[in-house]
Amino acid sequence: MDFTAQIIDCVKDALRLSAEDVAELLETPPEREMGDLAVVCFKLAKRLRKAPQAIASELKDKAVWPDFVERAEVKGAYLNLFYDKAKRAQNVLEAVLAAGENYGASHLGRGKTVCIDFSSINIAKPFHIGHLSSTAIGNALYRIHEFLGYRCVGINHLGDWGTQFGKLIVAYKRWGSKEEIEARSVESMLALYVRFHDEAEKDPVLEDQAREWFRRIENGDPEALEIFEWFKELTLREAERVYKLLNVRFDSYAGESFYNDKMNRVIDELRARNLLVESDGAWVVDLEEYGMPPCLVLKSDGATLYATRDIAAALYRKDTYDFHKALYVVAYQQNLHFLQWFKVVELMGYAWSKDLVHVAFGMVSMEDGTLSTRRGKVVFLEDVLGRAIEKALEIINEKSPELENKEDVARQVGVGAVVWGTVSNARIKDIVFSYDRALSFEGETAPYVQYTCARTTSVLEKAPALDGDIDYAQLCDEEAGEVVRMLEAFPAKIIEAAERCEPYLVARHIVNLAQAFNRFYYEHRIIGEDAARMRARLALVSAVRSCLKRGLWLLGIEAPEHM
RNA sequence: GUGCCUGUAGCUCAGCUGGAUAGAGCGUUUGGCUACGGACCAAAAGGCCAGGGGUUCGAAUCCCUUCAGGCACGCCA
């Protein structure tokens, strides 16, 4: 049982408070010398009608502290608790060593399903740098939830519907060739798309033809469908290369076209509940009461819209997966859209609308301006990853020329560095993409954590095999204590990351652990003469390795054995 | 115009469900391998927490307001 839980029990009994109330009082002191855990008594002053300081000293005497509490000190309104270092090290390390890389796993999500809608690329459009955030954050959330025992359904809600496919077919038939498309895939589709827009400015007839071809797709015309499916297959084949590099997989590729025959239900239910209002020829759900502009669900020509499709998808997913939560990892530009249709689902009478979560993230732009598909100015994610891998290889050749599987390690390190760029900070922050930053391999970066992890592997390989009991009193120095603290906090960080849908909490924590370990590593010799000390320190190294590997895994980043 | 988001060290960011002296990394300056991996470690310098009010025993954190930047606001997704 972890120490904090035991302290809560003990304080709860002494003060006759609920466990929740006590948990609010606890805090980790800002400085090491102040102890390992503090009970902050300001908060009780009003409630108990006593001076905070008096409460602290009273609690100190009254409570029956567990045996791992070495001493308790009153300092102002704080009651500072000091743990027995050996007992703490033992408590933490026994848990980590027993679980190995499963330390921190739980059954929190047992029997619950989480749908995660992420990446959601568009057919015939480039898989560009703007998709990195959704893909990497979604993947991390998938892994984090899975690790906590949830059943996860990763959904790539493909953009595979719309008039642009009519345009593409027109462009293909006029200026494209089968060989060209087969050879250059999305790049040539993009070129056709750009050319269509250029030519359509001069010749408006093209737009009519595009509408006609899209109608043919809708009506199941064999020729139209064949071309469309071919584009789709090529796009996905190309995307799979990127997903493989990023260690991403999906459970469903049901995209926009999948919901074509599921839209009527939405309209029918909205009608039945009298939620539809006609407005300028279109049909909307009025949301004025909730301080929002109306949500458009039917165009004046009778066609459905974005919101309609998202609602249809949500209904389908609830029926199919009976999710506990449904996460939508989509950029914050669409905040209003999600607020609107979540509200519409609520008005339709579905209580589970509260389980729909828009996991918003900031914009990725290039230093020279934003991305524009139409102008063909776009940065392919595959190129970015390729460049990162190249740079990683250069560094490996320079620093580890003897390494055996250089290409493989370069891939793990290069990709890790890029992924880190988007999972290491709060989602909401905008990112101006810079190669210098993304390919930085020093300081708070994925390669730093990977390097530290490889170091632990290396030490463990060189150490002699030892057995027998571990003397935890060997781990009472300052640096080992810091490492133990970081290991102890790991499981709670993963849970918090899931609750807040913020993978960076895991990223920051493993960096802190790596830093603590590297300090320890420099201050203390691990392999040495003293067998008892060596055994204890090796146990610590092994625990660090488990957590670093798992932490990286949770972020979708691999950990090479050597680098 | 209305709504939402962001503003913390030269740069990139933590800390924001209020608590002890505001922390990292990069960059700058200065040190550290007779060592288990120098992609490392240590030290220094660097702050009106955008500005102003308020609430509180206590505010980077909560409320109001001003400013700056971003996003969104009807038939694209």
Exercise. Any donor-acceptor pair under 3.5 Å linking the side chain of A:N260 with the backbone of A:S257?
Worked result: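 The answer is yes, because a donor-acceptor pair under 3.5 Å joins these two groups.
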
Just N and O in the side chain of [X]: are any of them under 4.0 Å from OP1 or OP2 of [N]?
| X | N | value |
| --- | --- | --- |
| A:Y448 | B:C41 | yes |
| A:R455 | B:G38 | yes |
| A:K299 | B:C76 | yes |
| A:N425 | B:C13 | no |
| A:R508 | B:A24 | no |
| A:K429 | B:G7 | yes |
| A:S458 | B:G37 | yes |
| A:Y522 | B:C41 | no |
| A:K399 | B:C40 | no |
| A:Y504 | B:G15 | yes |
| A:R525 | B:C36 | yes |

Counting heavy atoms from C-beta on, name the nucleotide in [options] closest to the side chain of [X].
| X | options | answer |
| --- | --- | --- |
| A:Y451 | B:A39, B:A77, B:U6 | B:A39 |
| A:S300 | B:C75, B:A20, B:A77 | B:C75 |
| A:L305 | B:G74, B:A39, B:C76 | B:C76 |
| A:I526 | B:C36, B:A24, B:C71 | B:C36 |

Exercise. B:A14 base to A:N512 side chain: any donor-acceptor pair below 3.5 Å?
Worked result: no

Exercise. When only distance counts, do a donor and an acceptor, one from the side chain of A:S279 and one from the base of B:G74, lie under 3.5 Å apart?
Worked result: yes

Need one value for [X]: base, sugar-phosphate or nothing, where a base atom within 4.0 Å counts as base even if backbone is also close, heavy atoms only.
| X | value |
| --- | --- |
| A:L339 | nothing |
| A:M292 | nothing |
| A:I527 | base |
| A:A38 | base |
| A:N80 | base |
| A:H157 | nothing |

For this session: Please indicate yes or no: is the ring centre of A:Y521 less than 5.5 Å from the centre of the six-membered base ring of B:C36, with the two planes inclined by under 30 degrees?
Result: yes

Exercise. Does A:Q164 or A:A454 map to a spot on RNA chain B nearer the 5' end, using the closest nucleotide for each?
Worked result: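 So the residue in question is A:A454.
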
Problem set entry | Of A:R309 and A:S400, the one whose closest RNA chain B nucleotide lies more 5' | A:S400

Between [X] and [Y], does at least one N-O distance fall below 4.0 Å, as a salt bridge requires?
| X | Y | value |
| --- | --- | --- |
| A:K343 | A:E346 | yes |
| A:R411 | A:E558 | yes |
| A:E24 | A:K43 | no |
| A:E218 | A:R215 | no |

Exercise. A:E523 has an atom CD; how far is it from atom P of B:C41, in whole Å?
Worked result: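 Computing the A:E523:CD to B:C41:P distance gives 12 Å.
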
Taking atom [atom1] in both [N] and [M], compute the distance separating them and give it to the nearest angstrom.
| N | M | atom1 | value |
| --- | --- | --- | --- |
| B:U21 | B:A59 | C1' | 16 Å |
| B:A20 | B:C64 | C1' | 29 Å |
| B:A60 | B:C49 | C1' | 5 Å |
| B:A72 | B:U66 | P | 24 Å |
| B:C67 | B:G23 | P | 33 Å |

Exercise. Mind checking what makes salt bridge (charged side-chain N to carboxylate O under 4.0 Å, His left out) contact with A:R387, not counting sequence neighbours?
Worked result: none

Problem set entry | Contacts of A:K493 that satisfy side chain to side chain contact (heavy atoms under 4.5 Å, CB included) - sequence neighbours left out | A:E496, A:H509

Problem set entry | Nucleotide paired to B:G69 in any strand shown, Watson-Crick or G-U, under 3.5 Å |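 Across all strands, the one nucleotide that pairs with B:G69 is B:C5.
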
Exercise. Considering Watson-Crick and G-U wobble pairs with both distances under 3.5 Å, what does B:C33 pair with?
Worked result: none

